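Comments concern the structure below.
Everything quoted here is computed from the prediction, not taken from an experiment. In each ligand, atom 1 is the first atom listed, and ligand 1 is the first ligand listed. Below, all heavy atoms of this structure are taken into account, side chains as well, without hydrogens, waters or symmetry copies.
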Amino acid sequence: MGTSYSIRLAGARFDRRELADLHADVDAALAEINRQMSVWRPDSEIARFNRAGADEPVALSADFRFVVRRALELAEASGGAFDPTVGALVDLWGFGPDGRPPAAPSAERIAAVRRAVGYRHLRLMDDGRLAKDVPALQLDLGAVAKGYAVDKVAALLRGRGLDDFLVEIGGETLAAGVNPSGATWRVGVLRPDFGPAGTALQGIARLTGGRAIATSGDYRNFYRAATGEIESHIVDPRTAAPVGHAVASVSVLADDCLTADALATALFVLGPADGLPLLAARFPGVEALFLLRRENGRFEEVATPGFAGAAGYAP
Ligand code: AMP
Ligand code: MG
């Protein structure tokens with residue numbers, strides 16, 4: 001997944017050997033998710049699917065199938081703002097294996113690539129195989145795989161009888177129970193400054209009960225184009241170009257990390273004007289905090305009415 005993970009456990013005592021076993025199990029679970037869903041590995045199931053032709057269905061492992069099913073539901077429910085088939089556009093704009101383009105892609109090139117984008121081109125069949133009706137379509141679960149992996153690791157810890165933990169993969173976080181001081185886990189929301197990865201915080205949330213917070217933003221994976229414009233790794237499926245607006249980051253609180261991860265990406269595309277009504281209408285119980293970039297390096301917070309209370313958030 002091109003990132004790091006951390007797990008904190010409280011209230012449990014392990015000897016060295018039990019801890020090493022647990023560590024090995026977590027690594028194996030994550031390796032298995034990579035084997036299924038990493039587009040960076042030519043031998044993964046997703047890479048095989050992406051190379052397959054139209055109407056050449058590919059069998060998926062159970063976890064992969066589950067993630068695809070949820071991704072399709074969330075694509076539909078977000079009106080296509082989250083779309084797990086934007087991969088070819090993400091590559092075209094310089095965030096794939098080929099790296100940065102020398103200049104912005106031409107309108108013709110964008111139009112051509114766009115023909116191979118759209119979650120409606122995917123079909124999850126009753127027998128569990130996945131098919132596409134355009135051969136060039138590229139499935140990209142980069143916006144949900146980390147969240148899913150967090151859920152998977154949390155389930156593994158629960159299966160070991162653990163109740164108090166914090167799981168974090170590349171910033172996507174889930175917490176249960178309490179921290180070593182017996183208090184609710186504290187999770188920082190980063191200030192979305194451009195530049196070297198900083199640790200300055202915009203605020204602190206409190207997380208427990210198996211709920212999750214995921215964040216999408218433009219401040220970690222971006223480049224400055226020749227035009228001076230910042231291009232970042234989230235593509236607006238409506239324009240086929242990187243999202244370009246005042247939103248610097250979106251943090252989403254949900255009952256599972258896959259949902260939080262997908263919706264953070266969707267809300268980054270939509271911004272608060274379209275995103276807040278969507279949440280209110282379609283996602284009861286999901287809360288979000290937008291950080292908008294303002295003059296003089298300041299950030300303005302715009303949140304759902306319930307975010308501060310539900311996330312115990314303080315700036
Ligand atoms: P995240 O950091 O969770 O927002 O995921 C961003 C990653 O998801 C990008 O690096 C792309 O691989 C992919 N992606 C970009 N735009 C979208 C989109 N609109 N819907 C779904 N996935 C996307
Ligand atoms: Mg995401």
Side-chain angles (χ1 to χ4, degrees), residues 1-4 37-41 44 46-47 50 67-68 70-100 110 113-114 117-122 137-151 168-174 190 192 197 212-223 231-245 247-254 256-271 274-275 278 283 286 288-291:
M1 294 174 212
T3 190
S4 60
M37 297 173 236
S38 170
V39 291
W40 299 87
R41 285 181 51 159
S44 66
I46 198 169
N50 285 341
V67 175
V68 168
R70 285 293 293 144
L72 290 173
E73 287 166 7
L74 289 159
E76 186 72 33
S78 70
F82 164 80
D83 187 327
T85 67
V86 295
L89 288 170
V90 172
D91 292 354
L92 183 67
W93 283 95
F95 297 96
D98 297 338
R100 309 285 184 249
I110 293 172
V113 169
R114 209 172 184 176
V117 170
Y119 69 93
R120 291 204 170 86
H121 294 297
L122 285 174
L137 183 121
Q138 300 294 301
L139 181 61
D140 169 10
L141 296 172
V144 283
K146 281 185 281 178
Y148 174 70
V150 167
D151 291 335
E168 173 270 332
I169 302 179
E172 321 300 25
T173 308
L174 181 153
L190 284 172
I213 293 185
T215 298
S216 283
D218 64 3
Y219 58 102
R220 278 290 166 84
N221 191 2
F222 68 90
Y223 63 92
E231 306 293 9
S232 122
H233 68 143
I234 297 176
V235 167
D236 185 337
R238 298 167 300 186
T239 62
V243 173
H245 51 46
V247 180
S249 74
V250 189
S251 296
V252 173
L253 174 76
D256 64 272
C257 205
L258 183 158
T259 302
D261 196 357
L263 290 179
T265 306
L267 294 175
F268 188 81
V269 168
L270 294 172
D274 293 333
L278 176 82
F283 298 99
V286 174
L289 169 69
F290 293 82
L291 299 182

Q | Test item: Asp151 side-chain N/O and Cys257 main-chain N/O as donor-acceptor pair under 3.5 Å | A |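 Present.
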Q: Would you give the length of the straight line joining atom CE of Met1 to atom OH of Tyr148, rounded to the nearest 0.5 angstrom?
A: 10.0 Å
**Q.** Which residues share a salt bridge (charged side-chain N to carboxylate O under 4.0 Å, His left out) with Arg120, sequence neighbours left out
**A.**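 Arg120 satisfies salt bridge (charged side-chain N to carboxylate O under 4.0 Å, His left out) with Glu76 only.
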Protein contact to [atom] [nearest heavy atom, distance to 0.1 Å]:
atom	answer
atom 10 (O) of ligand 1	His233 ND1, 3.0 Å
atom 1 (P) of ligand 1	Thr265 OG1, 3.3 Å
atom 23 (C) of ligand 1	Val86 CG2, 3.5 Å
atom 3 (O) of ligand 1	Asp261 OD1, 2.9 Å

Q: Check each heavy atom of Val269 against ligand 1 and say whether those closer than 4.0 Å belong to the side chain, the backbone, both or neither.
A: side chain
Heavy-atom nearest option to [atom], drawn from [options]:
atom	options	result
atom 16 (N) of ligand 1	Asp218, Val235, Leu270	Val235
atom 22 (N) of ligand 1	Ala143, Ala214, Gly87, Gly80	Ala143
atom 12 (O) of ligand 1	Thr215, Asp140, Asp83, Val90	Asp140

Do any heavy atoms of [X] fall under 4.0 Å from ligand 1?
X	answer
Pro237	yes
Phe95	no
Ala81	yes

**Q.** Between Tyr223 and Phe95, ring centroids under 6.0 Å
**A.**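 Ring centroids of Tyr223 and Phe95 are less than 6.0 Å from each other.
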**Q.** Polar atom proximity, Asn221 to ligand 1 (N or O, under 3.5 Å)
**A.** no
Q: May I ask you to check if ligand 1 and Pro84 share an N or O to N or O distance below 3.5 Å?
A: no
Q.
Just to be careful: counting only protein atoms that are N, O or S, how many fall under 2.8 Å of the Mg ion (ligand 2)?
A.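 Excluding waters, the total comes to 4.
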Q. Under 4.5 Å between any side-chain heavy atoms of Leu278 and Phe283, yes or no?
A.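 Yes, close enough: below the 4.5 Å cut-off.
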